[in-house]
Undergrad: 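This structure is in structure tokens; I'll ask about it shortly.
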2 protein chains.
Amino acid sequence: MAESAADTGAAAGQAEGGCPAVPERLLAAATRLFADRGFERTSVQELVDAAGVTKGAMYHYFASKEDVLFAVFRRVLATQMRNLDAFAAAEGPVAERLRAAAVDVVESTVANLDDMVIYFRSLHVLSYERQDQVREERRVYQDRFRALIEEGQRERVFRSDVPADMVASQYFGAVNHLGMWYRPDGELGGSEIGGYYADLLLAGLRP
Amino acid sequence: MAESAADTGAAAGQAEGGCPAVPERLLAAATRLFADRGFERTSVQELVDAAGVTKGAMYHYFASKEDVLFAVFRRVLATQMRNLDAFAAAEGPVAERLRAAAVDVVESTVANLDDMVIYFRSLHVLSYERQDQVREERRVYQDRFRALIEEGQRERVFRSDVPADMVASQYFGAVNHLGMWYRPDGELGGSEIGGYYADLLLAGLRP
DNA sequence: GAGGATATCGAACAGTAGTTCGATCTCATC
DNA sequence: GATGAGATCGAACTACTGTTCGATATCCTC
């Protein structure tokens with residue numbers, strides 16, 4: 001996708017010292033408001049008020065309100081691409097690698113909970129083109145995870161009577177749903193939940 | 001909650017023969033449009049056009065647009081209460097009962113996919129009061145499922161080193177997320193997916 | 001200092017949307 | 001036939017919203 005004004009402007013508009021650039025402030029405000037209230041229930045006026053700028057400034061960096069939302073999606077996709085690289089680079093027994101990946105998927109989701117809430121609740125807001133693109137990139141992430149399961153099945157470390165795709169869908173479903181109930185101030189942290197989720201996954205895959 | 005005009009009017013407004021009453025038509029149209037396009041991206045005008053009435057008629061039966069949405073939520077909650085009754089009434093070894101419940105949760109979700117999509121994507125649209133109420137009732141459903149797991153843990157049929165709450169959350173997360181990817185015309189039906197999901201759940205709970 | 005580019009403002013524009021309300025129609029009861 | 005209640009219509013009301021645009025400020029280069 002073509003670099004937006006927001007991406008190029010972020011460097012150019014960077015303020016000296018503590019005050020972040022206007023695009024960063026807009027994205028931070030957008031993340032909070034879109035997660036708390038929803039994309040549609042957040043007006044452009046409320047968004048720029050929260051960012052401390054005006055609508056003209058926002059439209060200088062972003063082509064539309066949807067473009068702001070899409071910038072959040074790009075950030076989510078960038079995060080998961082970095083995680084994917086970590087999956088691909090890992091070494092060791094496949095069960096260990098799957099376990100580590102499973103924990104990491106949960107920890108990453110919990111660390112970026114607002115982003116994940118926005119992602120799953122607002123996907124339908126995007127144009128069909130952008131939806132397809134986003135789903136495709138998310139698919140790559142989940143497919144890499146599935147490939148680990150398949151590797152384990154080939155090595156007979158995991159059972160083979162359940163399609164790897166089904167296992168990956170079940171696990172990612174559980175993780176993607178964390179945004180609906182997980183609370184940072186709850187009893188369990190991301191690592192603990194990740195530990196349980198990974199353990200249940202691996203136990204379910206025993207031959 | 002007080003019976004709305006829609007509930008009382010549904011009987012009174014029932015047409016002779018094939019044409020359903022206005023409230024039913026409104027709910028059917030609302031379900032399709034809210035699932036396909038989202039609650040906010042569906043105008044009242046579009047909704048009543050799809051139902052074949054006018055806005056005045058809609059407001060005769062429903063206090064507001066949100067009230068129409070809430071009627072969909074009430075239907076979801078009614079469905080799960082019926083399912084809950086089935087859980088509670090079941091007999092036999094706990095592993096069998098959990099497996100049957102696990103399959104049923106998936107099958108019920110798949111059978112009411114539009115409702116589930118609307119439920120999870122639009123919960124934030126409801127007032128805080130209604131959100132609390134809806135979450136509380138959904139909680140009862142999930143808690144009953146968790147009670148089965150705990151019963152199995154007490155009987156040492158299931159492992160006890162993972163909190164039953166965590167298991168239930170993981171499973172329900174996976175099921176609740178079906179709305180994001182499951183397609184009725186896909187390779188697998190609800191029963192098959194339910195079978196795999198239940199199998200993975202039971203396998204993960206082996207002592 | 002002049003000139004050009006970028007950043008930012010905020011009023012105006014061009015609509016859209018949820019809800020209300022007066023009018024009319026239909027049906028049932030007396 | 002008269003009356004009353006419920007059902008339904010659709011224009012009007014009362015807002016609100018996303019986007020544009022002309023003006024101004026700031027910064028950098030020459």
Side-chain angles (χ1 to χ4, degrees), chain A residues 3-17 19-27 29-30 33-34 37-72 122 125-127 130, chain B residues 3-17 19-30 33-34 37-72 122 124-127 130:
Chain A
E3 192 113 78
S4 71
D7 292 325
T8 55
Q14 184 64 51
E16 208 68 29
C19 195
V22 164
E24 274 72 43
R25 283 160 43 206
L26 281 165
L27 276 186
L33 291 167
F34 291 171
R37 310 180 53 182
F39 173 80
E40 283 111 340
R41 302 176 92 80
T42 302
S43 66
V44 171
Q45 189 58 57
E46 288 168 316
L47 173 52
V48 300
D49 283 348
V53 296
T54 64
K55 293 194 271 187
M58 190 196 100
Y59 283 98
H60 178 72
Y61 291 101
F62 296 93
S64 63
K65 187 187 177 191
E66 184 195 316
D67 216 37
V68 179
L69 176 67
F70 195 57
V72 173
S122 311
V125 169
L126 298 178
S127 66
R130 282 177 155 173
Chain B
E3 195 113 77
S4 72
D7 292 324
T8 56
Q14 182 65 51
E16 207 70 27
C19 194
V22 165
E24 272 74 38
R25 282 156 49 203
L26 282 165
L27 276 187
L33 291 166
F34 291 172
R37 310 181 52 183
F39 174 78
E40 283 107 342
R41 300 177 94 78
T42 302
S43 66
V44 171
Q45 189 58 56
E46 287 167 320
L47 173 51
V48 300
D49 284 347
V53 297
T54 64
K55 292 194 271 188
M58 190 196 101
Y59 283 97
H60 179 73
Y61 292 102
F62 296 92
S64 64
K65 188 187 176 190
E66 184 194 316
D67 215 36
V68 179
L69 177 67
F70 194 57
V72 173
S122 310
H124 69 293
V125 168
L126 298 178
S127 66
R130 281 177 156 174

Undergrad: A/S122 and A/F39: which non-hydrogen atoms are nearest, and at how many Å?
TA: OG-CB, 4.1 Å
Undergrad: Let me see the working for A/V68 and A/L26 under side-chain contact (heavy atoms from CB on, under 4.5 Å), right down to the final yes or no.
TA: CA-CA 8 Å; A/V68 179; A/L26 281 165; 5.6 Å; no
Undergrad: Choose from C/dT19, D/dT8, C/dC9 the nucleotide whose nearest atom is closest to any side-chain atom of B/V22.
TA: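 Among C/dT19, D/dT8, C/dC9, the one nearest the side chain of B/V22 is D/dT8.
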Undergrad: Kindly confirm or rule out a cation-pi arrangement of B/K65 over B/F70, judged by NZ or CZ under 6.0 Å from the six-membered ring centre and within 45° of its axis?
TA: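 Cation-pi check for B/K65 and B/F70: fails.
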Undergrad: Atom CZ of A/R25 to atom C1' of C/dC9: distance rounded to whole Å?
TA: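 To the nearest whole Å, that distance equals 14 Å.
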Undergrad: Between atom CZ in A/R41 and atom P in C/dA17, what is the gap in whole Å?
TA: 15 Å
Undergrad: Can you tell me how far C1' of C/dC9 sits from CG of A/L47, to the nearest Å?
TA: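 The answer, rounded to whole Å, is 16 Å.
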Undergrad: Pick base, sugar-phosphate or nothing for B/S43, based on heavy-atom distances below 4.0 Å to the nucleic acid.
TA: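 Sugar-phosphate contact only - B/S43 comes under 4.0 Å of backbone atoms but never of a base.
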Undergrad: How many Å lie between CD on A/Q45 and P on C/dA12, as a whole number?
TA: 14 Å
Undergrad: With a 4.5 Å heavy-atom cut-off, do A/V125 and A/R130 have their side chains touching?
TA: no
Undergrad: Specify the separation, in whole Å, of atom NZ of A/K65 and atom P of C/dT16.
TA: 16 Å
Undergrad: Whole angstrom is fine here: how far is it from CZ in B/F62 over to C1' in C/dT20?
TA: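 B/F62 atom CZ is separated from C/dT20 atom C1' by 18 Å.
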Undergrad: Taking the side chain of A/V44 as its heavy atoms from C-beta onward, which of D/dT8, D/dT19, C/dC9 lies nearest to it?
TA: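 Of the candidates, D/dT19 comes closest.
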Undergrad: If only side-chain N and O atoms of B/Y59 are considered, is one of them under 4.0 Å from the OP1 or OP2 phosphate oxygen of D/dA7?
TA: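 Indeed not, no polar side-chain atom of B/Y59 lies that close.
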Undergrad: Starting at atom CD of B/E46, determine the distance to atom C1' of C/dT19, rounded to an integer number of angstrom.
TA: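 Taking atom C1' of C/dT19 as the reference, CD of B/E46 is at 17 Å.
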Undergrad: Spell out yes or no: do the side chain of A/K55 and the base of D/dT19 have one donor N/O and one acceptor N/O closer than 3.5 Å?
TA: yes
Undergrad: Roughly how many Å is it from CD in B/E66 to P in C/dA17, rounded to a whole number?
TA: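 Nearest whole value for this atom pair: 18 Å.
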Undergrad: Does D/dA7 have OP1 or OP2 under 4.0 Å away from a side-chain N or O of B/H60?
TA: yes
Undergrad: Whether the side chain of A/R37 engages the backbone of A/T42 through a donor-acceptor N/O pair (distance < 3.5 Å, no angle test) should be reported.
TA: no
Undergrad: Check this one for me: any side-chain N or O of A/Y61 less than 4.0 Å away from OP1 or OP2 of C/dT8?
TA: yes
